There are 2 protein chains.
Amino acid sequence: MSDLRILYTFTKIYLMFSKGCEYAIRATIYVALQSQRNQCTNLKAIAEEVGSPVAFTAKIMQQLVKNNIVYSVMGPTGGFQMDKERIDQVNLSEVVNAIDGDAIYRGCGLGLEACDASQPCPVHDKFAKIRDDLQKMLEETSIYELATGLEVGMTFLKR
Amino acid sequence: MSDLRILYTFTKIYLMFSKGCEYAIRATIYVALQSQRNQCTNLKAIAEEVGSPVAFTAKIMQQLVKNNIVYSVMGPTGGFQMDKERIDQVNLSEVVNAIDGDAIYRGCGLGLEACDASQPCPVHDKFAKIRDDLQKMLEETSIYELATGLEVGMTFLKR
DNA sequence: GGCATATAGGATAAAAAGGTCTTACAATCT
DNA sequence: AGATTGTAAGACCTTTTTATCCTATATGCC
Ligand code: FES
Ligand code: FES
């Protein structure tokens, strides 16, 4: 276990979003899909469909409610739902922001305190380009669009 | 502290690479620069110049040595150095691979087991594009190029 | 009203990443 | 040869992230 390489490679997959954020995106897409069918979805169903731990998913959903991405209904027949208009409005960027904040846009690729073009790290130019593309993509992608792909059966929320 | 948003936003900056990988890139660039001047750089100097914890940096350097990115010289006047030819050859992708593995190329943006175009997650198309751009960038960027920017004083390894 | 079924929210636990320390060993210089 | 300066490697500690548990509270239905 002293091999750092093996340690890294097989334990954590380093990508853009935190685990919570990944769950949040998947959950939002699912809730959106259900909402289009006028259905309120409860926590258990979301966790099941999204393949996420129930209790952790609860935390994430709370956060999404606080950030006005979905709303919650208490009591039996309750759960989470999205306003139909919101489904078109909400984009990926909003969801990511609700959970991970805007660090992904501000952060330096080499881990310097913050990205600062006036004192750039060696990869700044190249990195900033990718990061801006990512930001643009997140802002341009609506939840509606993603839910549609799911509805049609072209995409999957878990495997 | 129950506010997940605050927790996420102000604690961890989620980006592409692990901390160790960030240090590795910075260290490699610095060693490359010193090597161009025919200088062997010792661990302490690297850590200082790169702004990384000494002991942790030692681990990272070991990994870089194992992966043939730099070589080490023991004893007094020892340290780490790069073959001059290697400086042009080695690209960012190699360094990232040495520390984080290839997860960044294989991973799914929504955290599914692995990215699989035959059973894509809802963001697959858009995400894969960004990820491929990143890969291309990493493969096209040589350490030489980055070291040069540093030498000229245009870029910084720490602030 | 009372009961069943939801979410809300705080406290807590487990796992992973990040970081340190200590001992061993290698090379160079007197 | 011995002292000194350096890397190698494993054990260990700390912090952050991920995940769970438990109690309180809200809502719908009988
Ligand atoms: S300063 Fe590093 S990415 Fe901008
Ligand atoms: S399947 Fe999710 S990114 Fe390819």
Side-chain angles (χ1 to χ4, degrees), chain A residues 1-15 17-24 27 31 39-47 50-67 70-81 99-101 103 111, chain B residues 1-24 27 31 39-48 50-67 70-81 99-101 103 111:
Chain A
M1 289 308 118
S2 73
D3 191 348
L4 202 58
R5 165 69 179 284
I6 288 174
L7 211 71
Y8 273 111
T9 306
F10 295 112
T11 53
K12 166 86 181 169
I13 299 213
Y14 265 92
L15 282 176
F17 313 120
S18 71
K19 217 84 194 99
C21 191
E22 292 173 352
Y23 295 150
V31 169
Q39 300 209 338
C40 194
T41 318
N42 71 24
L43 177 64
K44 214 178 129 199
I46 294 173
V50 153
S52 56
V54 178
F56 193 49
T57 305
K59 296 287 178 202
I60 306 294
M61 294 313 295
Q62 278 178 41
Q63 214 47 41
L64 292 179
V65 169
K66 266 190 194 160
N67 284 270
V70 303
Y71 65 84
S72 66
V73 180
M74 282 189 134
T77 77
F80 300 89
Q81 200 160 357
I99 307 295
D100 281 352
Chain B
M1 288 308 116
S2 72
D3 192 347
L4 202 59
R5 165 70 179 283
I6 288 174
L7 211 72
Y8 272 111
T9 307
F10 296 112
T11 53
K12 166 85 182 171
I13 299 211
Y14 264 93
L15 281 176
M16 322 272 178
F17 313 120
S18 70
K19 218 82 193 103
C21 191
E22 291 173 351
Y23 295 150
V31 169
Q39 300 210 336
C40 194
T41 318
N42 72 24
L43 177 63
K44 212 178 129 199
I46 295 174
E48 189 126 325
V50 153
S52 56
V54 178
F56 193 48
T57 305
K59 296 283 179 202
I60 307 293
M61 294 313 295
Q62 278 179 40
Q63 214 49 40
L64 292 179
V65 169
K66 268 192 194 159
N67 284 268
V70 303
Y71 65 85
S72 68
V73 180
M74 282 190 136
T77 77
F80 298 89
Q81 200 161 358
I99 308 294
D100 282 351

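This is a predicted model, so every value here is computed, not measured. Just so it is clear: chains get the letters A, B, ... in the order the sequence lines come, proteins before strands, and each one is counted from 1.
- Taking CD1 of I99(B) as the start and CD of E22(B) as the end, the distance is 12.0 Å to the nearest 0.5 Å.
- Y71(A) comes within 4.0 angstrom of no nucleic acid atom, judged by non-hydrogen atoms across all strands.
- Looking at residues two or more places apart in sequence or on another chain, you find a side chain to side chain donor-acceptor pair (under 3.5 Å) between Q39(B) and Q34(B).
- Straight-line distance from the CZ atom of F56(B) to the C1' atom of dT15(D): 13 Å, rounded to whole Å.
- Atom OH of Y23(B) and atom CZ of F56(B) lie 7.0 Å apart (nearest 0.5 Å).
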Reading nucleotides 25-30 of chain D from 5' to 3' and marking B where a protein heavy atom lies under 4.0 Å of the base, S where only the sugar-phosphate is that close, and - otherwise, the string is BBBS--
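- Listed nucleotides: dC21(D), dG9(C), dA19(D). Nearest to the side chain of K66(A): dG9(C).
- The side chain of S18(A) has dT18(D) as its nearest neighbour among dT18(D), dT20(D), dG19(C).
- Note: CD (Q39(B)) to P (dG6(D)) measures 14 Å, nearest angstrom.
- Rounding to the nearest 0.5 Å gives a distance of 9.0 Å between CD of Q62(A) and OG of S72(A).
- Between dA19(D), dA11(C), dG18(C), one nucleotide has an atom nearer to the side chain of K59(A) than all others, and that is dA11(C).
- If you measure from atom CD1 of I46(A) to atom C1' of dA6(C), you get 12 Å, rounded to the nearest angstrom.
- One atom, CG of L43(A), and another, C1' of dA6(C), lie 9 Å apart when rounded to the nearest Å.
- When distances are taken from the side chain of K19(B) to each of dG18(C), dT7(C), dG9(C), the shortest belongs to dG18(C).
- Distance CZ/F80(A) to OG1/T57(A): 9.5 Å, rounded to 0.5 Å.
- Mapping A55(B) and F80(A) onto DNA chain C by nearest heavy atom places F80(A) at the nucleotide closer to the 5' end.
- Computed from coordinates, the Q62(A) CD to dA24(D) P distance equals 17 Å when rounded to whole Å.
- Distance alone, capped at 3.5 Å, is enough to place a donor-acceptor pair between the D100(A) side chain and the S18(A) backbone.
- A 4.5 Å side-chain heavy-atom check between T41(A) and Q81(A) finds every atom pair outside the cut-off.
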